[in-house]
Amino acid sequence: MPELPEVETVKRTLAKYLIGQKIIQVSVYQETVIKIPDVNEFKNEIINKTITDIDRRGKYLIFGLSEGYKMVIHLRMTGQLVYGEKTMPVKKHTHVIFELSDGRELRFTDQRRFGRIWLVPEDELLGVSGLCTLGPEPLRDDFCWEAFQSQLSKRQTRIKALLLDQSFIAGIGNIYADEILYRSQIHPERKAASLSKDEAARLFSEVQSTLKEAIAHRGTTFSDYVDGRGEKGTYQNYLNVYQQLGKKCPRCGADIERVKVGSRSAYYCPGCQK
DNA sequence: ACAATATCCTGCGAGC
DNA sequence: TGCTCGCAGGATATTG
């Protein structure tokens with residue numbers, strides 16, 4: 001599941017190779033992945049544009065293109081964006097291939113077909129669904145403790161559900177929500193407003209440190225995730241609770257348990273998450 | 001405005 | 001062996 005650390009790693013690996021390259025040709029094999037505009041217009045508009053920069057907002061990748069265009073890509077669950085030689089075997093579920101000016105290719109594959117691509121003029125970027133309602137970026141300097149605490153105190157939903165809400169905070173998915181709550185020693189079913197100031201402060205801090213550590217380890221590869229060069233991450237070796245059912249808590253030795261929060265699994269330690 | 005739930009999609013493993 | 005069922009979860013639409 002590409003969450004903030006995985007998308008950030010894809011961004012960094014791709015930036016090394018793609019900036020300055022021109023898109024020579026594009027093939028679309030699964031039309032539903034192109035959200036905006038329609039496929040023919042997408043092809044016409046993107047050909048001969050140069051990639052000027054790559055940015056990330058939450059789990060969205062934003063490619064700056066020449067002539068003031070932006071291409072936005074969301075990998076959702078199983079999306080992969082890999083740069084490499086034309087001679088690489090074409091994987092099943094390859095939906096879009098971009099041919100680049102250096103003779104290599106950028107390929108978008110997505111087993112579950114949840115991923116989406118938008119191409120818009122710069123001034124219509126906020127028209128990309130989800131982008132304009134995105135909450136604060138947790139690793140930016142302007143991630144604000146006062147606002148975080150104030151928002152928490154007003155919400156009756158369970159804390160795990162709130163961490164997954166992209167309009168509350170951008171970039172956290174199921175893996176890091178569980179890991180962040182474990183490190184903060186907070187039970188996933190606690191109501192957000194019930195957290196003490198100390199608990200909220202721990203949460204605010206662990207959101208940032210967990211995501212930073214995961215980026216340092218190039219993300220978590222649980223099933224599908226690979227970076228922009230097809231390499232797996234290593235943070236799966238450092239998980240404390242996510243998918244660790246039946247294992248012992250590294251902190252207190254209790255058995256890790258699982259509950260449903262909404263329709264998602266939440267893994268936690270019943271011994272030390274209160 | 002907020003909270004909770006159904007929906008999309010494919011592959012995989014469990015159970016019979 | 002081969003079938004069905006449940007599970008995995010990001011974001012959005014819908015319902016209460």
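Convention: sequence-line order gives letters A, B, ...; per-chain numbering from 1.
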*Asks:* Between dA4(B) atom P and Ile159(A) atom CD1, what is the distance in whole Å?
*Replies:* 12 Å
*Asks:* To the side chain of Met1(A), which of dC9(B), dG11(B), dG10(C) is closest?
*Replies:* dG10(C)
*Asks:* Would you classify Lys154(A) as touching base, sugar-phosphate or nothing, given that sugar-phosphate means primed atoms plus P, OP1 and OP2, and contacts are heavy atoms under 4.0 Å?
*Replies:* nothing
*Asks:* Please state how far atom CZ in Phe222(A) lies from atom P in dG13(B), giving the value in whole angstrom units.
*Replies:*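 In whole Å, dG13(B) P lies 13 Å from Phe222(A) CZ.
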*Asks:* Using a cut-off of strictly less than 4.0 Å, decide whether Thr157(A) has a side-chain nitrogen or oxygen near OP1 or OP2 of dA4(B).
*Replies:* yes
*Asks:* How close or far is atom P of dC9(B) from atom CG of Leu75(A), stated in whole angstroms?
*Replies:*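 Rounded to whole Å, this separation is 18 Å.
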*Asks:* Rounded to whole Å, please give me the gap between CZ in Arg113(A) and C1' in dA8(C).
*Replies:*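 Between C1' of dA8(C) and CZ of Arg113(A): 17 Å.
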*Asks:* Examine dG11(B): is either OP1 or OP2 under 4.0 Å from a nitrogen or oxygen in the side chain of Arg112(A)? Give yes or no.
*Replies:*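 Negative; the distance criterion is not met.
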*Asks:* Tell me if a side-chain donor or acceptor on Gln111(A) pairs with a main-chain N or O of His93(A) at a distance below 3.5 Å.
*Replies:* no
*Asks:* Just how far, in rounded Å, is P of dG10(C) from CG of Asp165(A)?
*Replies:*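 Rounded to the whole Å, the gap is 12 Å.
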*Asks:* Roughly, in whole Å, what's the span from CZ in Arg116(A) to C1' in dT7(B)?
*Replies:* 13 Å
*Asks:* Just N and O in the side chain of Arg258(A): are any of them under 4.0 Å from OP1 or OP2 of dA8(C)?
*Replies:* yes
*Asks:* Among dT5(B), dA3(B), dC9(B), find the nucleotide with the atom closest to the side chain of Arg158(A).
*Replies:*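 Between dT5(B), dA3(B), dC9(B), the one nearest the side chain of Arg158(A) would be dT5(B).
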*Asks:* Do nucleotides 11-16 of chain C as a string where each nucleotide becomes B, S or -: B if the base has a protein heavy atom under 4.0 Å, S if just the sugar-phosphate does, - if no protein is that close.
*Replies:* BS----
*Asks:* Closest approach to the side chain of His93(A), judged atom by atom: which nucleotide of dA8(C), dA3(B), dG11(B) is it?
*Replies:*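 My answer, after comparing the listed nucleotides, is dG11(B).
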*Asks:* Are Tyr242(A) and Tyr182(A) close enough that their ring centres sit under 6.0 Å apart?
*Replies:* no
*Asks:* Would you give the length of the straight line joining atom NE2 of His187(A) to atom CZ of Arg158(A), rounded to the nearest 0.5 angstrom?
*Replies:*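 So the gap between those two atoms works out to 10.5 Å.
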*Asks:* Which is true for Lys92(A) with a 4.0 Å heavy-atom rule: it touches a base, it touches only sugar-phosphate, or it touches nothing?
*Replies:*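 Answer is sugar-phosphate: Lys92(A) comes under 4.0 Å of backbone atoms only.
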*Asks:* Less than 4.5 Å apart, any side-chain heavy atom of Asp178(A) and any of Tyr268(A)?
*Replies:* no
*Asks:* Under 4.0 Å, heavy atoms only, any strand: does Ser265(A) hit a base, just the sugar-phosphate, or nothing?
*Replies:* sugar-phosphate
*Asks:* Would you call Glu231(A) and Arg218(A) a salt bridge, using N to O less than 4.0 angstrom?
*Replies:*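 Salt bridge between Glu231(A) and Arg218(A), a charged N being under 4.0 Å from a carboxylate O: no.
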*Asks:* Considering every strand and a 4.0 Å limit on heavy-atom distances, what is the contact class for Tyr242(A): base, sugar-phosphate, or nothing?
*Replies:*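 Here Tyr242(A) touches the backbone only, sparing every base.
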*Asks:* Return the value, rounded to whole Å, for the distance between atom CG of Asp110(A) and atom P of dT10(B).
*Replies:* 10 Å
*Asks:* What contact category does Arg155(A) fall into here, base, sugar-phosphate, or nothing, at under 4.0 angstrom with non-hydrogen atoms?
*Replies:* sugar-phosphate
*Asks:* Within a strict 4.5 Å, meaning less than it, do heavy atoms of the Leu81(A) and Ile73(A) side chains meet?
*Replies:*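 Result yes, sub-4.5 Å side-chain heavy-atom pair found.
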*Asks:* Any chance the rings of Tyr29(A) and His95(A) have centres within less than 6.0 Å?
*Replies:*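 Centroid separation for Tyr29(A) and His95(A): 6.0 Å or greater.
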*Asks:* Nearest whole angstrom, please: distance from the C1' of dC7(C) to the NZ of Lys260(A).
*Replies:*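 Atom NZ in Lys260(A) sits about 7 Å away from atom C1' in dC7(C).
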*Asks:* Check for me whether the distance between the ring centres of Phe168(A) and Phe148(A) falls short of 6.0 Å.
*Replies:*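 Yes, close enough.
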